[in-house]
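One structure is given below, encoded as structure tokens.
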Amino acid sequence: MLKKNTPPAAGPRILTLRVLRSSPSEATEPHWQDFRVEEAEGMTLFIALNEVRENLDPSLQFDFVCRAGICGSCGMLIDGKPGLACCALTRDYGPEITLAPLPVFELIGDLSVNTGKWMRGTAERLETWIHSDAEPLLTALEPRMEPELAEAIYELDRCIECGCCVAGCGTLRMREEFVGAIGLNKIARFRLDPRDERSDEDFYELIGDDTGVFGCMSLLGCHDVCPKGLPLQTQIAFLRRKMAVVGLK
Ligand code: SF4
Ligand code: SF4
Ligand code: FES
């Protein structure tokens with residue numbers, strides 16, 4: 001029995017997910033649609049959206065694979081800010097949460113965008129693979145690498161290609177050829193790697209203009225929204241200095 005002055009236990013919140021819906025293939029005009037779900041302990045937006053799809057509207061489109069912040073599939077605008085829906089706890093938000101697809105990328109429908117197409121185009125353009133004239137010896141042991149250097153490369157390799165930095169970048173809204181923080185981070189990663197024989201002059205050819213490191217306005221929206229906490233700010237500043245040295249030669 002409740003004591004006289006004990007307030008009644010608060011029930012679970014009813015959340016309103018306000019989702020920007022659209023379907024380019026069916027030429028549906030973008031419109032907001034509200035879905036109400038009961039919040040549960042430890043609920044993430046992944047769980048909430050699945051409840052919507054299972055119980056309210058099976059046509060709702062969104063992407064998830066790992067549900068653990070690893071695959072990079074579930075990026076979306078959450079209350080206007082790019083983030084991973086599988087890592088977003090509903091308790092960190094108000095009772096009304098707006099969800100919209102990441103801008104910049106090709107829209108597939110509702111909250112689903114084609115990040116892969118953009119990532120592939122950028123990777124091809126920046127040639128984000130090891131460039132070496134050495135003959136590959138498939139049976140030989142890989143050359144040793146100092147642990148500190150391997151760690152430094154791994155730190156930049158943690159990017160999950162979620163696209164949040166791309167969606168948070170003001171320059172990319174104005175200049176669609178801009179390679180974004182993810183592109184610059186990848187150059188920084190291959191520049192560190194001693195197996196890649198490219199010189200700074202070679203990297204300058206790839207990013208030494210305003211579609212590369214000199215187009216970045218340094219407002220650091222990318223750094224603020226990266227869910228993996230990559231050191232984008234320091235990498236961009238470092239690359240800019242290195243590329244400026246080449247440009248001034
Ligand atoms: S700092 Fe550069 S790359 Fe990052 S969001 Fe701003 S313009 Fe884009
Ligand atoms: S740098 Fe960060 S925000 Fe950008 S794609 Fe990689 S993990 Fe996502
Ligand atoms: S589902 Fe893989 S990062 Fe969110």
Side-chain angles (χ1 to χ4, degrees), residues 42-50 53 60-78 80-90 99 101-105 108 111-123 125-126 128 153-190 192 206-241 243-244:
M43 184 179 238
T44 62
L45 281 173
F46 160 73
I47 297 170
L49 283 167
N50 263 304
R53 192 150 66 183
L60 183 64
Q61 295 184 75
F62 54 89
D63 298 316
F64 288 90
V65 179
C66 72
R67 296 169 282 162
I70 298 168
C71 72
S73 307
C74 66
M76 58 185 71
L77 292 184
I78 307 168
K81 187 174 171 186
L84 299 181
C86 72
C87 297
L89 289 164
T90 56
L99 301 174
L102 292 181
V104 179
F105 301 105
I108 295 171
L111 302 172
S112 174
V113 293
N114 191 347
T115 50
K117 184 176 172 187
W118 193 95
M119 297 295 168
R120 186 182 174 110
T122 304
R125 184 187 147 194
L126 296 180
T128 54
I153 294 171
Y154 177 69
E155 169 73 353
L156 306 186
D157 244 353
R158 292 184 303 108
C159 171
I160 56 172
E161 301 194 350
C162 63
C164 289
C165 60
V166 171
C169 176
T171 303
L172 261 161
R173 301 289 188 94
M174 297 182 298
R175 194 175 295 137
E176 64 180 39
E177 312 82 41
F178 183 53
V179 299
I182 180 176
L184 298 174
N185 179 68
K186 284 189 185 287
I187 292 292
R189 177 251 177 272
F190 283 96
L192 263 185
L206 297 170
I207 56 161
D209 63 9
D210 59 9
T211 66
V213 76
F214 300 119
C216 168
M217 296 187 292
S218 302
L219 298 176
L220 299 175
C222 54
H223 189 92
D224 291 344
V225 299
C226 176
K228 304 310 279 184
L230 265 81
L232 301 174
Q233 177 176 10
T234 46
Q235 292 308 315
I236 292 171
F238 180 72
L239 263 188
R240 187 184 286 119
R241 282 204 302 280
M243 294 300 107

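Only a predicted model underlies this, so the values are computations on that prediction, with no experimental measurement involved. Whatever order the structure lists them in is the order used to number ligands and atoms, beginning at 1.
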Check ligand 1 against [X] and write out every atom of the ligand that is under 4.0 Å from a heavy-atom position of the residue.
X	result
Gly221	5 (S)
Thr171	7 (S)
Leu219	1 (S), 6 (Fe)
Met217	2 (Fe), 7 (S)

What atoms of ligand 3 come within less than 4.0 Å of a heavy atom belonging to [X]?
X	answer
Cys71	1 (S), 2 (Fe), 3 (S)
Gly69	3 (S)
Gly72	2 (Fe), 3 (S)
Ile70	3 (S)
Phe64	1 (S)
Val65	1 (S)
Cys66	1 (S), 2 (Fe), 3 (S)
Arg67	1 (S), 2 (Fe)

Enumerate the residue pairs fulfilling salt bridge (charged side-chain N to carboxylate O under 4.0 Å, His left out) with a member in residues 168-183, sequence neighbours excluded, ordered by first and then second residue.
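Checked against salt bridge (charged side-chain N to carboxylate O under 4.0 Å, His left out) - neighbours excluded - no pair reaches residues 168-183.
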
Any non-hydrogen side-chain atom of [X] less than 4.5 Å from a side-chain atom of [Y]?
X	Y	result
Arg240	Ile236	yes
Cys169	Phe178	yes
Leu49	Leu111	yes
Cys87	Pro227	no
Lys186	Glu161	yes
Met119	Ile182	yes
Cys86	Thr44	no
Leu77	Pro103	yes

Taking [atom] as the reference point, the nearest protein heavy atom with its distance:
atom	result
atom 5 (S) of ligand 1	Cys222 N, 3.3 Å
atom 7 (S) of ligand 2	Ile160 N, 3.5 Å
atom 2 (Fe) of ligand 2	Cys226 SG, 2.3 Å
atom 6 (Fe) of ligand 1	Leu220 N, 3.4 Å
atom 3 (S) of ligand 2	Cys165 N, 3.3 Å

Ligand-residue contact atoms, ligand 2 with Lys228, heavy atoms, under 4.0 Å
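In order of numbering, the contacting atoms are 7 (S).
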
Close-contact set for ligand 2 against Ile182 heavy atoms, below 4.0 Å
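Counting from 1, the qualifying ligand atoms are 5 (S).
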
Has Cys159 got an N/O/S atom less than 2.8 Å from atom 2 (Fe) of ligand 2?
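No N, O or S atom of Cys159 is closer than 2.8 Å to atom 2 (Fe) of ligand 2, so no.
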
For ligand 3, note which part of Asp63 has a heavy atom under 4.0 Å away: side chain, backbone, both or neither.
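Contact part for Asp63 vs ligand 3: neither.
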
Between [X] (side chain only) and [Y] (backbone N and O only), is there a donor and an acceptor less than 3.5 Å apart?
X	Y	answer
Arg53	Leu60	yes
Thr90	Met43	yes
Lys228	Gly69	yes
Asn185	Leu156	yes

Compare Ala167, Ser218, Cys169 and give the one whose heavy atom is closest to atom 8 (Fe) of ligand 1.
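Minimum heavy-atom distance to atom 8 (Fe) of ligand 1 goes to Cys169.
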
At under 4.0 Å between heavy atoms, which part of Glu161 makes contact with ligand 2: side chain, backbone, both or neither?
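The answer is the backbone.
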
Which bit of Cys216 gets closer than 4.0 Å to ligand 1, counting heavy atoms only: side chain, backbone, both or neither?
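Both of them.
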
Examine ligand 2 and decide if any of its atoms is less than 4.0 Å from a heavy atom belonging to Pro227.
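Flag set, Pro227 near ligand 2.
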
Against ligand 2, does Gly163 come closer than 4.0 Å with any heavy atom?
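Gly163 counts as a contact of ligand 2 under the 4.0 Å cut-off.
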
Arg189 and Leu230: CA distance, side-chain angles, deciding distance, side chain to side chain contact (heavy atoms under 4.5 Å, CB included) verdict
CA-CA 12 Å; Arg189 177 251 177 272; Leu230 265 81; over 6 Å; no

Thr211, Val213, Ile187, Val179 screened by side chain to side chain contact (heavy atoms under 4.5 Å, CB included) with Leu206, the one that passes:
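By the side chain to side chain contact (heavy atoms under 4.5 Å, CB included) criterion, Leu206 pairs with just one of Thr211, Val213, Ile187, Val179: Ile187.
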
